[in-house]
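What you see is a predicted model, and the numbers here were worked out from it, not measured in a lab. Numbers here simply count residues along the sequence, with the first being 1. For ligands, and for the atoms within them, numbers begin at 1 and follow the listed sequence.
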Amino acid sequence: TFLVYCSDNALVEKEVSEFKKNLLQTKPALELFSWGKAAGNDLQITSIAKKANTTIITGIYNRETHSIQIPFADEASIENAITCWAVLILLKKDDKEVVQKFASLYPISMRLELKHGLNNCTIINDSYSNDLYSLSIGLNFLIHQKQHKKYTVILSDVLQSGRNSEVLYSEVASLLIQKKVDQFIGIGPEIFASKKLFSSIKSCHFYHSVGEFLKDLATLQFHDQNILVKGARSFGFEQIVSVLEQKVHQTILSIDLKAIVHNLKYYKQLLPSSTKLMAMVKAFSYGSGSHEIASVLEYHSIDYLAVAYTDEGVELRKAGISIPIMVMNVETTAFASLINYMLEPEIFSFSMLRDFENFLKSNGVMNYPVHLKIDTGMHRLGFTKEDLPELISILSGSIPFAIKSVFTHLVASEDAKQDVFTKYQIKVFKECTTSIKSALKYDFYSHVANTSAISRHRNAGMDMARLGIGLYGIDHNSRVQKKLCNVTTLTTTISQIKNVKAGDTVGYGRNAKLHRESIIATVRIGYADGYPRSLGNGMGKMLVQDKLVPVVGNVCMDMTMLDITDLHGVHEGDSVIVFGEKLPLPILAKWANTIPYEIMTGISQRVKRVYFEE
Ligand SMILES: *Cc1c(COP(=O)(O)O)cnc(C)c1O
């Protein structure tokens with residue numbers, strides 16, 4: 001076993017030598033390979049010469065002087081490169097040809113952004129890197145977007161040193177065909193020269209440069225399609241993205257799709273592997289989006305989705321989501337759309353049961369999937385324990401339903417003080433499902449747990465759980481909260497900065513009288529965007545240059561004023577964080593005397609959502 005490390009870092013050096021002492025007896029022995037400035041290192045670094053964006057690193061090993069060149073000048077890249085070099089030496093793979101390849105490294109970023117574009121297009125911005133591997137990641141992300149039927153790829157030359165371009169672009173073309181891309185736009189001299197290789201794609205256009213493409217943009221008429229914009233950094237594809245992007249005021253809710261997947265996996269591993277998961281995507285997935293979130297969850301094999309109202313389910317179906325969707329609050333008038341879009345209603349009362357039964361029978365539909373809601377203490381919707389005998393006698397007759405699941409909702413699963421009541425709810429629920437099971441003679445899922453009950457009550461031992469707020473990065477339990485990733489970040493920008501005299505007031509109603517000469521920044525967010533008015537007059541704070549500054553005066557409809565007197569070097573146009581990783585939403589909710597759910601779902605639709613995957 002080898003350990004390769006940098007001895008210039010005193011802490012690492014100290015830990016490694018202590019570690020080594022303790023490991024002396026182990027077999028196989030741990031062998032060390034160090035690099036650093038001092039002469040005793042296996043690889044002694046004698047000089048690091050930076051010039052613009054390249055660095056030449058020289059070192060001595062086996063008594064000979066060697067050097068590598070890398071196309072980066074930042075400390076992290078230099079350290080990473082030297083460590084790689086040390087590994088190559090250790091593995092005896094340090095021949096000239098291999099070491100020369102350091103010069104052709106290029107920065108990669110896997111950041112994919114999903115944006116609303118002009119003419120109802122969806123734009124995936126991946127204008128950072130372009131090699132075959134990242135292309136296939138980008139294409140997979142593209143084909144998971146089901147909101148439009150047409151798929152377009154705008155691609156620059158692919159950077160893959162040392163590959164014959166005929167082989168390379170044949171491979172690119174077959175990848176595009178395999179992913180069923182409808183339209184292909186190639187930009188760059190190499191791709192232009194290889195255009196005949198793409199002849200089996202329906203619609204193709206080729207340009208030598210971004211400028212040439214932009215001139216032709218009007219004739220291409222992009223509308224109602226999913227577009228992947230993927231180019232190596234040197235091609236400047238961000239120009240294309242900014243032209244295709246829909247322009248809106250600059251308050252943005254950014255949603256980290258990777259974080260959602262992380263949180264999903266976190267809750268999954270708390271449950272036995274056989275337990276099914278239903279993701280709550282009601283109210284635009286707690287404000288973070290509809291199909292954008294649902295398609296990520298579908299891709300990660302969630303078993304069920306749930307929405308509050310039929311329209312929400314219809315929207316998901318129209319966007320191509322095909323997994324089962326439960327609708328919790330269905331009105332009689334929505335029955336037709338329900339069955340047209342194969343949405344599964346929650347049945348919560350006898351009148352609804354009768355109405356839906358009649359509707360199905362008159363349409364000749366049999367075995368329609370439904371879910372039964374039991375009221376064990378919330379007293380909102382559902383059949384009570386007292387309703388059971390009547391319910392069971394109906395279920396034992398001939399009904400056009402297939403009961404997919406039976407469930408109840410806990411009223412205070414997050415609260416230890418209410419655990420006795422929670423246990424009582426679970427007990428009543430188990431009694432109800434036992435008698436329903438014996439009447440039906442077939443299996444259905446039983447589910448009780450929301451986010452807090454998954455972690456605090458081990459899902460009450462049921463075979464499905466309904467995960468809501470935890471997916472979006474929030475759990476009432478602080479131990480669990482630490483394990484989750486932040487999903488949403490709300491940012492805005494400063495539209496004006498002004499100096500205001502002591503004694504003057506700021507905002508409506510003259511509520512905020514200034515005690516000192518102050519610098520006031522007006523930001524582009526107000527209560528119409530979902531920033532609560534209760535956060536006015538110092539109750540709320542935002543992060544400017546990573547420092548908390550108070551709201552001054554009343555929050556207006558579209559704007560809010562901040563006191564930035566104590567900060568330096570703040571400029572108009574600067575970005576301001578309203579909540580996110582550095583200013584957690586639960587803190588903001590507390591300032592506003594409410595819960596995170598209300599803030600999240602209250603961010604208005606006028607705030608642009610940007611999705612990214614890092
Ligand atoms: C919203 C909702 C959930 C999810 O609750 P979280 O606390 O967000 O996990 C679960 N079940 C039902 C019936 C709901 O309405």
Check: residues 313-329 side-chain donor-acceptor pairs under 3.5 Å, at least two apart:
| residue | atom | partner | partner atom | Å |
| --- | --- | --- | --- | --- |
| Glu315 | OE2 | Ser290 | OG | 2.9 |
| Arg317 | NE | Tyr341 | O | 2.8 |
| Arg317 | NH1 | Ile321 | O | 2.8 |
| Arg317 | NH1 | Ile323 | O | 2.9 |
| Arg317 | NH2 | Ile323 | O | 3.1 |
| Arg317 | NH2 | Met342 | O | 3.0 |
| Ser322 | OG | Glu298 | OE2 | 3.0 |

Using a 4.0 angstrom limit on heavy atoms, which residues are close to ligand 1?
Met280, Lys282, Tyr286, Met328, Arg380, His409, Asn450, Thr451, Arg466, Gly468, Ile469, Tyr597

Short N-O contact, Arg524 and Asp529, less than 4.0 angstrom:
no

Partners meeting side-chain hydrogen bond (donor to acceptor under 3.5 Å, both in side chains) with Asp546 (sequence neighbours left out)
Lys582

Partners of Glu431 by side-chain hydrogen bond (donor to acceptor under 3.5 Å, both in side chains), sequence neighbours excluded?
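With neighbours one apart ignored, the set is Lys385.
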
Quick check on Met559: does its CE atom have over 12 non-hydrogen neighbours (other residues, nucleotides or ligands) under 6.0 Å away?
no

Just checking, any donor-acceptor pair under 3.5 angstrom between side chains of Asp375 and Thr384?
no

